[in-house]
Amino acid sequence: MARGVKSILQRYKDLQDIIAILGIEELSDDDKRTVARARKIEKFLSQPMFVAAQFTGLEGKYVKIEDTVRSFKEIVEGKYDEVPEQAFYMVGTIDEALEKAEKMKVGA
């Protein structure tokens, strides 16, 4: 699973020059999907940590490794393609991301 995540992030890095020059609209549908998933992965990597609580104002979260691996697997597979990327920012588990997405819908 780690290789799959790394592969998506690497492809995103490769596409950044194209995006900067031509814009994301010029990418193929597959590349657009890769970019969207990579951005969600980057946001999801920002899980709140106890050592950063004084800087973020958010309490740290313990997440079981099984939950983390499952979450990244599901992101890579596209299970959450319809969930806004901001929902993945500073959450502990994928369930928290889904709850955050629901709150974002209600607030919008």
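Count residues from 1 along the sequence.
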Hydrophobic clustering (ILVMFWY, side-chain heavy atoms < 4.5 Å, transitive) - are [Y] and [X] grouped together?
| X | Y | value |
| --- | --- | --- |
| Val83 | Tyr89 | no |
| Val35 | Ile41 | no |
| Leu58 | Met49 | no |
| Ile21 | Leu27 | yes |
| Phe72 | Val91 | yes |

Checklist entry - Taking atom CD of Gln16 and atom NZ of Lys13, what is their separation to the nearest 0.5 Å? => result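 Taking CD in Gln16 and NZ in Lys13, the distance rounds to 8.5 Å.
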Checklist entry - Roughly how far apart are Thr68 OG1 and Gln47 CD, rounded to 0.5 Å? => result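 Answer rounded to 0.5 Å: 5.0 Å.
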Checklist entry - Listed by chain and number, what are the side chain to side chain contact (heavy atoms under 4.5 Å, CB included) partners of Leu22, not counting sequence neighbours? => result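 Expected list: Ile18, Glu26.
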Please examine the side chains of [Y] and [X], heavy atoms only from C-beta on, and report whether any two atoms are closer than 4.5 Å.
| X | Y | answer |
| --- | --- | --- |
| Gln10 | Asp14 | yes |
| Val76 | Val5 | yes |
| Arg11 | Asp31 | yes |
| Tyr62 | Asp67 | no |

Heavy atoms only: give me the nearest [X]-[Y] pair and the separation to one decimal.
| X | Y | value |
| --- | --- | --- |
| Met1 | Val69 | CG-O, 4.0 Å |
| Pro48 | Glu59 | CB-O, 3.6 Å |
| Ser71 | Tyr80 | O-CE1, 4.5 Å |
| Gly92 | Val63 | O-CG2, 3.2 Å |

Checklist entry - Under 3.5 Å, side chain of Thr34 to main-chain N/O of Ile8, donor-acceptor pair present? => result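 Checked: no pair found.
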Checklist entry - Relative to the ring of Phe44, is the ring of Phe88 parallel (under 30°), tilted (30 to 60°) or perpendicular (over 60°)? => result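 Perpendicular, since the angle between the ring planes exceeds 60°.
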Item to check | Of all pairs that satisfy salt bridge (Lys or Arg N to Asp or Glu O under 4.0 Å), the ones with a partner from residues 32-49, not counting sequence neighbours | outcome: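 Applying salt bridge (Lys or Arg N to Asp or Glu O under 4.0 Å) to every pair that reaches into residues 32-49, excluding sequence neighbours, yields Asp30-Arg33, Arg37-Asp81.
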Checklist entry - Does the side-chain contact (heavy atoms from CB on, under 4.5 Å) test come out yes or no for Glu74 and Arg70, once each step is laid out? => result CA-CA 6 Å; Glu74 291 173 350; Arg70 176 185 57 87; 3.4 Å; yes
